[in-house]
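Have a look at the structure below, then the notes.
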Amino acid sequence: MSETATTPVIDRDALRRKYAEERDKRLRADGSAQYRRLESEFADLAVDPYTPVAERAPVTDHVTFAFVGGGFAGLVVGARLKDAGIDDYRIIEKGGDFGGTWYWNRYPGAQCDTASMIYMPLLEETGHMPSEKYAHAPEIREHCARIGRQYGLYDKALFHTQVTDVRWDEAKAVWAIETDRGDRFTAKYVGLGTGPLHVAKLPGLPGIETFRGKAFHTSRWDYAYTGGSPEGAPMDGLADKRVAIIGTGATSVQAVPHLARAAKELLVFQRTPSSVDERNNAPIDPDWFATVAGPGWQKAWLENFCGNLAGGFAAEDWVQDGWTDLGKRIRKEILALPMDQRTPENILAAYEDADHAKMEEIRQRAERVVADPEAGQKLKAWYRQLCKRPCFHDEYLQAFNEPGVRLIDTDGQGVERISENGVVANGVEYPVDCIVYASGFEVGSEYTSRAGFEVTGKGGITLSDYWEKGMRTLHGIHIRHFPNLFMVQPTQAANLIANVPHNIVDHADTIAAVVRAAEDRGAATVEPTAEAEQAWVDLIASGAGRTIGSTECTPGYYNNEGQGYADASRFAAGHPAGAMAYFMHIDAWRRSGAFEGLAFG
Ligand code: NDP
């Protein structure tokens, strides 16, 4: 197939109608309730297939800092604290090692979707050169272990351990932490970095428990069954198997080419196609890397990407990928408007035109690459690019040209049910040996429900109650009534979801600076003032609200399956002036050393 694009012709009104039609087909009354957690009768599917659980005695000591979550957040905060002279640090992690999402997601083909140079944290500090522009999962997981080793974070870590309760002990001014391994210990400070996508979900399909073949979720890949390895050894266990994969999101897009090569037959069950743009991965050349990796290089790269994303406002584009391309296109459309016509409406229309042009190119790519014209049409995504997670891959669409691969499109209706023998869709039963659920992760439920524990602060106030009418923080990190507690997540902060690690590294800098200041001042507690928190929440609420998640979009986890988020969600946004504005504000705030808005007690 030729990969040459032609210039698309855009009919804005026709596209709007088509997008609305496609969305309406997919709307369903049960919204997010259509999914099931890997619990109760599905608990077996949640078992860690990668590391055996080691017996250990419960821990009952005290540490200076306890961090919930051993992904990038816990690792980077630990590293920055160590640099700030605080190394009595314990990570509590439900997986069997560090890595967070990269611990669990070992499906074949897993790889970062944002360039390694900016996605992998602490490259400069560890001296690691990523092997590829978009590194594969084993390298990222090993990088997590490298950070853990370099900063001594393994020493006190508790793996295969789920926190069950975090409670402020007023009398002792410490946090009391309980876990499912019987641990009861205390910490002066607590950090929460549980990540947004850590509760795997299954489609709540009738008959799902009756299937007699093999079934697993992509975040619990069963290499004992499939053969092969996350490092890319061929999955020879599938050579005589008919495999179904349910879901066509970012995970499926990466896994399908590998399943297509390994399985005798692969049936890809699609409800909504992903937009799949070019990836253009390549090895990183050590000579080139040596020229860019001078002192401060990674921070400069983070800022360059962030600047380009915010409408192409950085001078050069170093990363040059699908994310920055969109930013540059929007900027070009806006700059094409005469000065006196740059009204908010015209700017939004320019954004829409840039989006339509991009999506049309992506749709044309599906048509060009896929040999079967019908499948090529069905693989076209009919929504605006940020309605769903944009995907980038150079082998996914091509996989549908393999002889054993079939797209089973369901015209937005999804799989109907699972039978003893296989998958039922469009009224047809497809017998299969194995079902891979690429059905994603729970998003949008209450923070404490997803985290799996409640946090109880001063005066017995719970985080669930405190946030009932919407999230409240100072800078997305500190919470009134929850002294010495720090969140690591992007909301009410930079909200730079195209490169979440940038938010994490920046939060880690803040946390280390605040803890260092508290220790230097001999403070027992540090907590935001009521005024500072209110002012920050007001600032967040003064913006346009969530930048993604419009109910005009096709349903998905971005928009609570088409139902949108309640009024409280207007607080679930980033800095109204954008990610760069947040980073600049915080940088100045940290540097001043006054930590305005925090009360040290
Ligand atoms: P998603 O939630 O994106 O995808 C779930 C898929 O399951 C969707 O295609 C959904 O269809 C489909 N589905 C659900 N129910 C049914 C049904 N009854 N019948 C048929 N299909 C069904 O999960 P992913 O794991 O793919 O991705 C989750 C997120 O993880 C991504 O958005 C991204 O943020 C992150 N990720 C990041 C990667 C990276 O950076 N390298 C790689 C992979 C994931 P529908 O769209 O219609 O709801």
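The figures here come from the full heavy-atom set of this structure, side chains too, leaving out hydrogens, waters and symmetry mates. Counting convention: from 1, in listed order, for ligands and their atoms alike.
- Remark: side-chain polar atoms of Asn503 are not paired, donor with acceptor, to backbone N or O of Gln489 under 3.5 angstrom.
- A salt bridge links Lys328 with Asp317; the closest basic N to acidic carboxylate O contact falls under 4.0 Å.
- Interface of Tyr35 with ligand 1, defined as ligand atoms under 4.0 Å from a residue heavy atom, comprises 14 (C), 15 (N), 48 (O).
- Salt-bridge annotation for Glu367 and Arg363: absent, with no side-chain N of the basic residue lying under 4.0 Å from a carboxylate O of the acidic one.
- For the ligand labelled ligand 1, residue Tyr107 lies inside the 4.0 Å heavy-atom shell.
- Minimum interatomic distance between Asn105 and Ala110 (heavy atoms only, all atoms of both residues): O-CB, 3.9 Å.
- Between Phe216 and Trp221, a ring centre-to-centre spacing shorter than 6.0 Å is recorded.
- The backbone N or O of Arg261 lies less than 3.5 Å from no partner atom in the side chain of Glu402, so there is not a single donor-acceptor pair.
- Taking atom 9 (O) of ligand 1 as the reference point, the nearest protein heavy-atom neighbour is Thr248 N, 2.9 Å.
- The protein heavy atom nearest to atom 25 (O) of ligand 1 is Thr251 OG1, 2.6 Å.
- When non-hydrogen atoms are compared, ligand 1 lies under 4.0 Å from the side chain of Lys388 (C-beta onward) but not from its backbone.
- Nearest non-hydrogen protein atom to atom 17 (C) of ligand 1 is Val415 N, 3.7 Å.
- The backbone N or O of Cys553 lies less than 3.5 Å from a partner atom in the side chain of Asn559, making a donor-acceptor pair.
- Residue contacts with ligand 1 for Leu205 involve side-chain atoms from C-beta outward but no N, CA, C or O (heavy atoms, distance under 4.0 Å).
- Residues Val488 and His507 share a closest heavy-atom pair of CA-CD2, 3.7 Å.
- Protein heavy atom in closest approach to atom 35 (C) of ligand 1: Leu197 CD1, 3.8 Å.
- A side-chain donor-acceptor contact under 3.5 Å links Arg242 to the backbone of Pro431.
- Remark: ligand 1 atoms within the under-4.0 Å shell around heavy atoms of Cys112 are 41 (N).
- Annotation: atom 13 (N) of ligand 1 to nearest protein heavy atom, Arg271 NH2, 4.0 Å.
- Heavy atoms of Glu416 come nearer than 4.0 angstrom to ligand 1 in no pair at all.
- Of all protein heavy atoms, the one closest to atom 36 (N) of ligand 1 is Ala250 CB, 4.0 Å.
- One side chain, Ser219 or His217, offers a donor N or O that lies under 3.5 Å from an acceptor on the other.
- Heavy atoms of Ser274 found under 4.0 angstrom from ligand 1: none, in either backbone or side chain.
- At a 4.0 Å cut-off, not a single heavy atom of Arg26 sits close enough to ligand 1 to count as contact.
- Using 4.0 Å as the threshold, Gly556 has no heavy atom nearer than that to any atom of ligand 1.
- The residues Glu552 and Arg23 are annotated as not salt-bridged, no charged nitrogen and carboxylate oxygen being separated by less than 4.0 angstrom.
- Distances below 4.0 Å separate heavy atoms of Ser439 from the following atoms of ligand 1: 5 (C), 7 (O).
- Near Gly414, the atoms of ligand 1 lying under 4.0 angstrom from a non-hydrogen atom of the residue are 19 (N), 20 (C).
- With hydrogens left out, the protein atom closest to atom 41 (N) of ligand 1 is Gln111 O, 2.4 Å, a heavy atom.
- The closest approach between a heavy atom of Tyr437 and any atom of ligand 1 is not below 4.0 Å.
- Geometrically, ligand 1 and Ser252 share no nitrogen or oxygen pair separated by less than 3.5 Å.
- In summary, Arg36 and Glu209 do not engage in a salt bridge, as defined by a charged side-chain N under 4.0 Å from a carboxylate O.
- We find the OH-CG distance between Tyr447 and Leu192 to be 4.0 Å, quoted to the nearest 0.5 Å.
- Here the protein heavy atom with the shortest distance to atom 32 (O) of ligand 1 is Tyr557 OH, 2.6 Å.
- Of the options Asp113, Asn105, Val423, Ile497, the smallest heavy-atom separation from atom 38 (C) of ligand 1 is shown by Asp113.
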